[in-house]
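Whatever order the structure lists ligands and atoms in, that order sets their numbers, starting from 1. Position 1 is the first residue of the sequence, and the numbers go up from there.
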Amino acid sequence: MNMVFETILKYLFKKPLTVRFPYESLETAPRYRGKHEFNIDKCISCGICWRVCPNQAIRMVPAEDKKKYPKLYPEVDLGKCCFCGLCQEFCPTGAIKLTTNYFMSTPNPDVLILKPGKKSKG
Ligand code: SF4
Ligand code: SF4
């Protein structure tokens, strides 16, 4: 029997290895480094995340609610981020974390800028 035919027969009745993205998606590894989550209440505005970021993806900016949050807080540009996780690793309070969310494709680059104190979409 020829090799191609053998291979076709072998895989014909097997479950597909691929998924029908975006209708289905694969589960990530528990330590997968995806989109950031920022808890402004835990942030002490030390700026360490900004200093350690190798891609200059973080800027320290004022929060929207300047009365409640009068200091500078990290704003993450996911378009520049390489998802190294250093910001999370060095943050002394656990205010910035990378989640397993990898749904970030968008035609609008503004959506990729995570403003401090604002709930990001998706
Ligand atoms: S994951 Fe790495 S590249 Fe992305 S914001 Fe954090 S430190 Fe910067
Ligand atoms: S997120 Fe963490 S490292 Fe960054 S400024 Fe806030 S407390 Fe400091």
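Of the protein's non-hydrogen atoms, the one nearest atom 8 (Fe) of ligand 2 is Cys46 SG, 2.3 Å. Atom 6 (Fe) of ligand 2 has its closest protein heavy atom at Cys43 SG, 2.3 Å. The single protein non-hydrogen atom nearest to atom 2 (Fe) of ligand 2 is Cys91 SG, 2.3 Å, given as residue, atom name and distance. In terms of protein heavy atoms, atom 5 (S) of ligand 2 is closest to Gly47 N, 3.2 Å.
Cys81 SG to Ile58 CD1: the interatomic distance, rounded to the nearest 0.5 Å, is 7.5 Å. With rounding to the nearest 0.5 Å, the separation of CZ in Phe103 from OG in Ser25 is 3.5 Å. Rounding to the nearest 0.5 Å places CD1 of Ile96 at 12.0 Å from CD1 of Ile48. Note that the CG atom of Leu26 and the CG atom of Leu17 stand 10.5 Å from one another [nearest 0.5 Å]. Put simply, CG on Asn108 and CD1 on Ile113 are 9.0 Å apart, with the number rounded to the nearest 0.5 Å.
With a 6.0 Å radius and a threshold of 12 heavy atoms from other residues, nucleotides or ligands, Glu24 has its CD atom above the threshold. Open room surrounds OH on Tyr11; 12 or fewer heavy atoms of other groups in view lie less than 6.0 Å from it.
At a heavy-atom cutoff of 4.0 Å, ligand 2 is contacted by no atom of Tyr73, backbone or side chain. At a 4.0 Å heavy-atom cut-off, ligand 1 touches His36 through the side chain alone.
Close contacts of ligand 2 with Pro92, meaning ligand atoms under 4.0 Å from a residue heavy atom, involve 3 (S). The Met60 neighbourhood of ligand 2 comprises atoms 5 (S), with distances under 4.0 Å to a heavy atom of that residue. The contact set between ligand 2 and Thr93, taken as ligand atoms under 4.0 Å from a residue heavy atom, comprises 7 (S). Close contacts between ligand 1 and Gly85 involve ligand atoms 1 (S), 2 (Fe) [criterion: under 4.0 Å to a heavy atom]. Close contacts of ligand 2 with Phe38, meaning ligand atoms under 4.0 Å from a residue heavy atom, involve 1 (S).
Contact detail for Met104 and Gly34: the closest heavy-atom pair is CE-C, 4.1 Å. The nearest pair of heavy atoms linking Thr100 to Ala29 is CG2-O, 3.8 Å. In plain terms, the two heavy atoms of Glu75 and Pro116 that are nearest each other are CB-CD, 3.9 Å.
Ring planes of Phe83 and His36: tilted class, angle from 30 to 60°.
Inside a sphere of radius 2.8 Å centred on atom 8 (Fe) of ligand 1, the protein N/O/S atoms present are Cys53 SG.
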